[in-house]
Structures are given as C-alpha cells and as structure tokens.
Amino acid sequence: MDFTARYGRYALIAGASAGLGAALADGAAVRGLDLVLVARRKGVLEHTAAALHERHGVDVRTVVADLAEPDAVERIADATADIDVGLLVYNAAAEPQGPFLDTPVEDLLANIAVNCTTPTLLVHALGGSMVARGRGGIVLVSSSAALQGIKVFVAYGAAKAYELILGEGLWDELRGHGVDALSYVVGATATPELLSRTPQAASNNPAARQNLPPDTALDHLRTPQQVAATLFEDLAGGPRRYSHAADEARERANAGLTRAEVVTRIGEQTTALWS
Ligand SMILES: NC(=O)c1ccc[n+]([C@@H]2O[C@H](COP(=O)([O-])OP(=O)(O)OC[C@H]3O[C@@H](n4cnc5c(N)ncnc54)[C@H](OP(=O)(O)O)[C@@H]3O)[C@@H](O)[C@H]2O)c1
C-alpha cells in the first residue's frame, strides 16, 4: 500500500517518545510518512525525533505536551495548523495500577483524561479535515485489558474499553469518507513501561515465572517493533485488530464462558503478576 497516497503526508503519533510509540513512528517513517511526535519528556522526544530523521530522512516535528492537560489538543492543533495530518495514531496511555479504592482521585481523573477525553477531542479536531480531503487514518491503541473487567487495572481497563468502542464506531461512520479508523487491541509488549512494572517480564530467568498461572500475558510477550509491524500490515482492516493472535483466540473462546469466569480468570493472572 502507498501510505502517503492513502493517508496524506504527515502521521501524528501521540505518545511517541519511547516504547511502542517510537516503534509506531518508525513504522510510519519507513512507509514514507513525515512525522509529528507528541510526548511529555522533551529530551527523550527530541532524541527519538533526531534518530528517526537520521534513519529515514523524513521531516519530524515534535510537540511537548501532557495529554492529561486540558490544553493538549489546542497545543497540538496550533503546532500542526500549517500541515495536513493524514494519519493519527493515539498511543499514549495513563495506567493507574492497584486496588481501585486505594487509587488517588487525581490518578483516576488522569486516566479518563489521557485515555478517553483527549483522544476523543483530538479525533474531533483532526478528523473533519480528513473527511474534507477524502482520505485519512485514525488508530486508537487500546489494550487486551479492555476486553473484560480486570482487577488491579479496574479504571485503566474501563477507559481502554471506551477507546476500543470509540474506534469501532468511527470506523463505521468514516469509512464512507475515505478515512480508515481502527481500534488496535494491544497485548503484552516489552516496552520500557511494561518492563519497569513487571519484574517477571524483565527477567531472563525462567524461575522468575515458574509460580505464575498458565497462559499469562507474559507467555505471549512481543516486542514494540513486532506490534507496530502487525498494525501497519492491516491498518485499513478495521474496525478492530489484535496485536497478539493469542488475545484474539482467547476473546473468541471467552464467548463460551460466563462473564464471572472470564473476569475471575484474568483477575487470577493480574493478581499473580502485578499485586
Ligand atoms: N506495554 C504493554 O504491554 C501494553 C499492553 C496493552 C496495551 N498497551 C497499550 O499500548 C500503548 C503504549 O504502551 P506503553 O504504555 O507500554 O508505553 P510506551 O509504548 O512506552 O508509550 C508511552 C508513550 O506515551 C507517552 N505518554 C505517556 N503519558 C503521556 C501523557 N500524559 N502525555 C503525553 N505523552 C504521554 C510516553 O512519553 P513521555 O513519558 O515522554 O510523555 C511514551 O512515549 C498504550 O496505549 C497502552 O495502553 C500496552
């Protein structure tokens, strides 16, 4: 597929300084797209931007913004007013972890802002001109945590479910206007973020995993580069795609179980890995 012909010249990756976001930016640049990269850490973001420019020769601009803040969308719109953003990939996430009732209210609100409010408003800000041009792409990076209620990540899973359903609805509304919308269900990925939270994933020692229940997310860990490649293989294949075949298979199998069974099973795994 010719990505610039299908989407336009620029891809904007929200949450692009490291991990999966940087791999997604690399995947867009490999396909000839110029880049707008958004994240909070200026130094890390500029380092990633310089490396991508050096590697692929594409134009890269950066926007330092906190996607939890109410002015984030306006800052991004101002920084991109002179260009057409053809592909929007919303990758950033807030991930409150731990018992719901012990989670500070400000973390719960940041979860809603980063995972629900800001992607909604960013799609609203950028989607209209995609429709006017008759081409574009919108990817909302969701999570396998969105597929059922999930203890330890109660608010995160709920917010990622919002993102998942938002993308599916957009797919149906926008596909008649030349715009590909897609919800991308991402499973366990060896990003710095995951490795910092999950000692068993970071460890090369199999003993670190021996007391885990069978078939946990860590049995299917993929690299950010693999997860990015799977997205670009089928970006036009909405409304929902999975980064991990195992998550898609589990979702199908879960249809035959009660919700209590599904939620209890994932709860046992998250308790073993993250409590
Ligand atoms: N890793 C996994 O196993 C996994 C599993 C399921 C789903 N996912 C989903 O995949 C996506 C990325 O995964 P990840 O969390 O592991 O981390 P990641 O790929 O490292 O991405 C996090 C990126 O988002 C940026 N970011 C985070 N909060 C931000 C904020 N408030 N404002 C602006 N930028 C922000 C970070 O940069 P700064 O810190 O510089 O701002 C970083 O560049 C998320 O949507 C996540 O829900 C990941």
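Source: prediction; values computed, not measured. Both counts, for ligands and for their atoms, begin at 1 and track the order of listing.
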Would you mind listing which atoms of ligand 1 come within a distance below 4.0 Å of any non-hydrogen atom of [X]?
X    : value
A92  : 24 (O), 26 (N), 35 (C), 45 (O)
A93  : 27 (C), 28 (N), 44 (C), 45 (O), 46 (C), 47 (O)
G21  : 19 (O)
A188 : 3 (O)
S142 : 7 (C), 9 (C)
A18  : 18 (P), 19 (O), 20 (O), 43 (O)
S143 : 6 (C), 7 (C)

Can a donor-acceptor pair be found, under 3.5 Å and without considering hydrogens, that links the side chain of T62 to the backbone of V60?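 No: the side chain of T62 does not pair with the backbone of V60.
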
Please state which protein non-hydrogen atom is closest to [atom] and give its distance, to 0.1 Å?
atom                    : answer
atom 24 (O) of ligand 1 : G15 CA, 3.2 Å
atom 34 (N) of ligand 1 : A39 CA, 3.6 Å
atom 44 (C) of ligand 1 : N91 O, 3.0 Å
atom 42 (C) of ligand 1 : S17 OG, 3.6 Å
atom 31 (N) of ligand 1 : D66 OD1, 2.9 Å
atom 5 (C) of ligand 1  : G187 O, 3.4 Å
atom 3 (O) of ligand 1  : T189 N, 2.8 Å
atom 32 (N) of ligand 1 : L67 N, 2.8 Å

Check this for me - ligand 1, [X], N or O atoms closer than 3.5 angstrom, yes or no?
X    : value
V186 : no
R40  : yes
K160 : yes
V114 : no

Under the criterion salt bridge (charged side-chain N to carboxylate O under 4.0 Å, His left out), I'd like the reasoning laid out for R222 against D247: C-alpha separation, chi angles, the key distance, then a yes or no. CA-CA 12 Å; R222 299 188 81 201; D247 288 333; over 6 Å; no

Testing the 3.5 Å rule here: is there a donor-acceptor pair between the side chains of [X] and [Y]?
X    : Y    : value
R259 : Q148 : no
T4   : D2   : yes
S142 : Y162 : no

[X] heavy atom under 4.0 Å from ligand 1:
X    : value
E95  : yes
Y156 : yes
V141 : yes

Pairing of [X] and [Y] as salt bridge, 4.0 angstrom limit:
X    : Y    : value
D26  : R55  : yes
E69  : R40  : no
E268 : R265 : no
R61  : D34  : no

Applying side chain to side chain contact (heavy atoms under 4.5 Å, CB included), run through R135 and H177 and close with a yes or a no. CA-CA 7 Å; R135 64 177 181 171; H177 300 275; over 6 Å; no

Answer with side chain, backbone, both or neither: which part of [X] has a heavy atom less than 4.0 angstrom from an atom of ligand 1?
X    : answer
T191 : side chain
E193 : side chain
A65  : backbone
A16  : backbone

Would R241 pass as a cation-pi partner of Y184, given that its NZ or CZ must be under 6.0 Å from the six-membered ring centre and within 45 degrees of the axis?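 Judged by the rule, R241 and Y184 form no cation-pi pair.
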
Using the side chain to side chain contact (heavy atoms under 4.5 Å, CB included) rule, pick out the option among V89, V139, L87, V227 that qualifies with L24.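 Output: one option passes, namely V89.
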
Minimum-distance pair of heavy atoms, taken over all atoms of P96 and Y156: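 Reported closest heavy-atom pair: O-CB, 4.2 Å.
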
Mark yes when over 12 heavy atoms from residues, nucleotides or ligands other than E261 sit less than 6.0 Å from its CD; otherwise mark no.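 Atom CD in E261 is packed in, count exceeds 12.
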
Using salt bridge (Lys or Arg N to Asp or Glu O under 4.0 Å) as the criterion, list what pairs up with D84, not counting sequence neighbours.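 Applying salt bridge (Lys or Arg N to Asp or Glu O under 4.0 Å) to D84 gives R133.
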
